[in-house]
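Written out below as structure tokens is the structure these notes cover.
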Amino acid sequence: MAQAKYTTHLGMVDILPDEIRKWHYLENLIHEEAAKFNFEEIRTPIMEQTELIVRGLGQLSDIVSKEIFSFSRGEDNYVLRPELTAPVVRAYIQNHLDQRGGSQKLYYMGPMFRAERPQKGRQRQFHQFGLEVLGSSDAVADVEIIAFMIHICDKIGIKNTTLKLNSIGNPESRNSYKEALKTHLKPNFEKMSEVSQKRFEKNPLRILDSKEEEDQPFIESAPVITDFLSDESFSHYNKVKEYLADLEIPFEEDPYLVRGMDYYTETAFELISPDLGAQDALAGGGRYDLLVEEIGGQPTPAVGFAAGMERLFIACEELGIELGSEKKVDVYIVTLGEAARKWGVAQLPKIREKGLSATMDYKGRSMKAQMKDANRENAQFAIIVGENELNEGKFTFRDMKESEEELLTMDDIIKNLSVI
RNA sequence: GAGCCCGUAGCUCAGUAGGUUAGAGCGCCAGGUUGUGGCCCUGGAGGCCGGGGGUUCAAAUCCCCUCGGGCUCCCCA
């Protein structure tokens, strides 16, 4: 077990060839579907300034207070990105993307880093993809974002998800709600769990998230944030629900859904899967109308979401869904002897030119070993060449699936291959 | 930061009243078939039994420490 001298860091894993095909599948799917939604990809650096993340997500958020990988070099503070909303907003401001006109519809995918204790569905380096719409306050934007998220799950075959929806309004209504909540909880402060007591002053909304037994009675009787929404927030929320209904996207209102980052406003949502175990969030997001300004841009309404790619794979596994195609190669050239080998290497490019994949043995092994290898590589055809073939100028062209073969000139073989 | 569980071949795992050269299946390599894969048969390679210390005539097995991993709480993707 402890053979390898060097290993990956805790919570960071290699993605090996045997599992890469499902990654390619998902990545391609996201590119294709995002294009259909008319979103454009944006790629930002893996590292950002620490200050951006701290300001963006909030000093008190769990991510910033205990989960970021950061270091400094000279005057500069670096942080490995823990999420991509703040960096995308940074890029939006820095590159004046608002000047492209209209709403900016952006998507991304890539690795994120959080220094947490790993467990099922949670790694220190993990991958997300996400969409962001900058410059629209319209409920259509919220709904398109949600629709995309669900669309991807549908395409993959993950259908038993639950969309949880809430609105946390603007900061004013949220503050008055906080006060009401505190007034409600205060008489029972002593009876609440330790964690909840700690949250009471700094972030009472999070108490609603508590899973502690002793907190439940107080949570159930607590006032509901949607009763505190401004007229504007209320009508925005209603439109979101209306449009979702029009799209026949089922959702579950959860007045206690509160998300971790400080930048969220108005609509908040999460996509939950029962197949994930303890970490059941497949994706999450919401509106962040104040973030652009907070980071130094013009006031710009925005909405987005991020989904965990590894979590999608876990859900697939639980559901018995296999993503990606089988490993295969179109042609395997089996050679006997040095002259045949020399001939074989020269044929590979001719086959590849036709848009097919081709390979041969790299180890100079026996014919049997080469045939075995061709089988393992899931080759569709084998071209077998030895002295006889070289002398006659006709080569054994074998269909590996049908176990049928015939002698053909290389030109005829290429012709045959062109039709498959 | 806290709790629970687990470390024996590349993988999945057998192997304790402590006892000579540590096993199986799969995978890998080779042979059976000196020019034909998938099935079958035979053989081979591959382990300081995670590491260190202790008890003992004797430790994969018992004790202590340590490292690594998994899961859970918190929180999130």
Side-chain angles (χ1 to χ4, degrees), chain A residues 1-5 7-11 13 16 18 57 60-67 81-85 109-130 149 193-196 198-199 203 206 209-213 257-261 270-273 276-285 304-315 332 334-337 340 361 363 365-390 395-405 407:
Chain A
M1 270 313 200
Q3 293 279 38
K5 187 171 177 182
T7 59
T8 54
H9 280 298
L10 179 69
V13 301
L16 303 172
D18 284 340
L57 309 203
L60 295 176
S61 67
D62 280 335
I63 293 179
V64 167
S65 62
K66 54 184 195 191
E67 296 170 6
R81 62 193 195 187
E83 58 102 55
L84 222 44
T85 299
M109 63 179 99
M112 310 294 159
F113 304 83
R114 293 183 197 172
E116 298 184 275
R117 193 70 207 237
Q119 66 187 67
K120 185 174 184 181
R122 168 183 292 164
Q123 294 166 194
R124 290 187 160 191
Q125 176 174 344
F126 61 103
H127 297 77
Q128 289 185 333
F129 71 91
M149 191 170 86
S193 68
E194 212 176 310
V195 253
S196 292
K198 271 187 207 159
R199 287 168 174 169
N203 199 344
R206 290 286 194 78
D209 255 350
S210 168
K211 286 156 194 161
E212 303 292 332
E213 195 70 35
L257 173 66
V258 177
R259 298 191 42 78
M261 277 70 93
E270 241 170 52
L271 195 65
I272 317 278
S273 162
L276 291 182
Q279 311 306 322
D280 64 354
L282 223 36
F305 88 94
M309 295 171 78
E310 284 87 351
R311 289 191 183 177
L312 285 172
F313 293 140
I314 291 174
Y332 194 113
V334 175
T335 65
L336 292 122
D361 169 63
K363 295 168 85 169
R365 294 190 294 174
S366 70
M367 178 172 185
K368 180 173 179 171
Q370 292 183 55
M371 289 301 290
K372 214 175 160 183
D373 198 36
N375 191 58
R376 181 182 21 235
E377 297 296 327
N378 211 355
Q380 194 176 355
F381 298 101
I383 297 173
I384 301 166
V385 52
E387 266 182 58
N388 301 342
E389 285 85 348
L390 283 180
F395 308 90
T396 307
F397 182 60
R398 182 178 180 85
D399 184 321
M400 296 293 281
K401 299 273 149 34
E402 304 299 324
S403 298
E404 286 166 1
E405 61 188 35
L407 275 175

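Numbered from 1 within each chain, the chains take letters A, B, ... in sequence-line order. The figures here come from the full heavy-atom set of this structure, side chains too, leaving out hydrogens, waters and symmetry mates.
- If you check A2(B) for Watson-Crick or wobble pairing at under 3.5 angstrom, you find it paired to U72(B).
- Using modelled atom types, one side-chain atom of R311(A) and one backbone atom of A281(A) make a donor-acceptor pair closer than 3.5 Å.
- Using a 4.0 Å heavy-atom distance criterion, Q370(A) is classed as making no nucleic acid contact.
- Regarding N375(A), its CG atom lies at a distance of 16 Å from the C1' atom of C29(B), rounded to whole Å.
- When the P atom is used for both G50(B) and C11(B), the distance is 13 Å, rounded to whole Å.
- Under the 30°/60° scheme for interplanar angles, the aromatic rings of F397(A) and F381(A) are found to lie parallel.
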Requested in this report: Take I383(A) and T396(A) through the test side chain to side chain contact (heavy atoms under 4.5 Å, CB included) and record every step on the way to the result.
Outcome: CA-CA 6 Å; I383(A) 297 173; T396(A) 307; over 6 Å; no
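- G54(B) and G18(B): their C1' atoms are spaced 15 Å apart (whole Å).
- Among the heavy atoms of the strands, none lies under 4.0 Å from E310(A).
- Proximity of a side-chain donor or acceptor of Q279(A) to a complementary backbone N or O of K120(A) within less than 3.5 Å is not detected.
- If you check every strand for non-hydrogen atoms under 4.0 Å, I63(A) touches nothing.
- Looking at heavy-atom distances under 4.0 Å, E116(A) makes contact with a base.
- Both K372(A) and R124(A) sit near RNA chain B, but only K372(A) has its closest nucleotide nearer the 5' end.
- Nucleic acid contact class of D373(A) (heavy atoms, under 4.0 Å, all strands): none.
- When the P atom is used for both G19(B) and C71(B), the distance is 34 Å, rounded to whole Å.
- No N or O donor and acceptor, one from the side chain of S366(A) and one from the base of G35(B), sit under 3.5 Å apart.
- Distance D399(A) CG to G38(B) C1': 13 Å, rounded to the nearest Å.
- If you check every strand for non-hydrogen atoms under 4.0 Å, R376(A) touches sugar and phosphate atoms only.
- In this structure, CE of M367(A) is placed 9 Å from C1' of G37(B), rounded to the nearest angstrom.
- Taking atom C1' on both A14(B) and G23(B), the two are 7 Å apart, rounded to the nearest angstrom.
- Atom CD of E377(A) is separated from atom P of C28(B) by 11 Å (rounded to the nearest Å).
- Judged by atom type and distance alone, K368(A) reaches the base of G32(B) through a side-chain donor-acceptor pair under 3.5 Å.
- A17(B) adopts a syn glycosidic conformation, its chi angle falling within 90° of 0.
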Report summary line: Protein heavy-atom contacts under 4.0 Å, written 5' to 3' over nucleotides 65-72 of chain B as B (base), S (sugar-phosphate only) or - (none), form the string ----S-SB
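- The CG atom of D62(A) sits 11 Å away from the P atom of C74(B) (whole-angstrom rounding).
- Enclosure of atom NZ in K363(A) is not indicated, since only 12 or fewer non-hydrogen atoms of other residues, nucleotides or ligands lie within 6.0 angstrom.
- Annotation for P118(A) and G11(A): closest pair CG-CA, 3.7 Å, computed over non-hydrogen atoms.
- Within the 4.0 Å cut-off from OP1 or OP2 of G35(B), not a single side-chain nitrogen or oxygen of R365(A) is found.
- As rounded to whole Å, 13 Å separates atom P of C76(B) from atom CD of Q128(A).
- A straight line from CD1 of I383(A) to P of U36(B) spans 19 Å, rounded to a whole angstrom.
- A pairwise comparison of heavy atoms in N375(A) and M400(A) identifies N-CE, 4.2 Å as the closest pair.
- Rounded to the nearest Å, the gap between the C1' atom of C49(B) and that of G7(B) is 10 Å.
- Atom name C1', nucleotides A24(B) and A9(B): the rounded distance is 11 Å, in whole Å.
- When both distances must be under 3.5 Å, the Watson-Crick or G-U wobble mate of U42(B) is A30(B).
- To the nearest whole angstrom, the two C1' atoms, one in G15(B) and one in C74(B), are 40 Å apart.
- Within 4.0 Å (heavy atoms only), A283(A) reaches sugar-phosphate atoms of the nucleic acid but no base atom.
- Going from the P atom of A58(B) to that of C40(B) covers 47 Å, rounded to whole Å.
- Nucleotide C48(B) forms no Watson-Crick or G-U wobble pair with any nucleotide shown, as no partner meets the under 3.5 Å limit on both distances.
- Among the protein residues, E389(A) comes within range of the nucleic acid bases, having at least one heavy atom under 4.0 Å from a base atom.
- Within the 4.0 angstrom heavy-atom criterion, no nucleotide atom of any strand lies near S61(A).
- As judged by a 4.0 angstrom heavy-atom cut-off over every strand, N378(A) is placed among residues making no nucleic acid contact.
- Between the P atom of U36(B) and the CG atom of D361(A) lies a distance of 16 Å, rounded to the nearest Å.
- In this structure, U56(B) makes no Watson-Crick or G-U wobble pair, since no nucleotide meets both defining distances under 3.5 angstrom.
- Taking only side-chain atoms of R114(A), from C-beta outward, the nucleotide of A77(B), G35(B), C74(B) with the closest atom is A77(B).
- Under the Watson-Crick or G-U wobble criterion, with both distances below 3.5 Å, G23(B) is paired with C13(B).
- Among the nucleotides C74(B), G38(B), U36(B), the one closest to the side chain of T396(A) is U36(B).
- In this structure a side-chain-to-backbone donor-acceptor pair under 3.5 Å is present from E310(A) to H127(A).
- Between the E377(A) side chain and the A379(A) main chain, no donor and acceptor come within less than 3.5 Å of each other.
- Contact record, A306(A) with Q128(A): CB-OE1, 3.7 Å, taken as the closest heavy-atom pair.
- When each of E67(A), R81(A), R122(A), R124(A) is paired with R114(A), the side chain to side chain contact (heavy atoms under 4.5 Å, CB included) condition holds for E67(A) and for no other.
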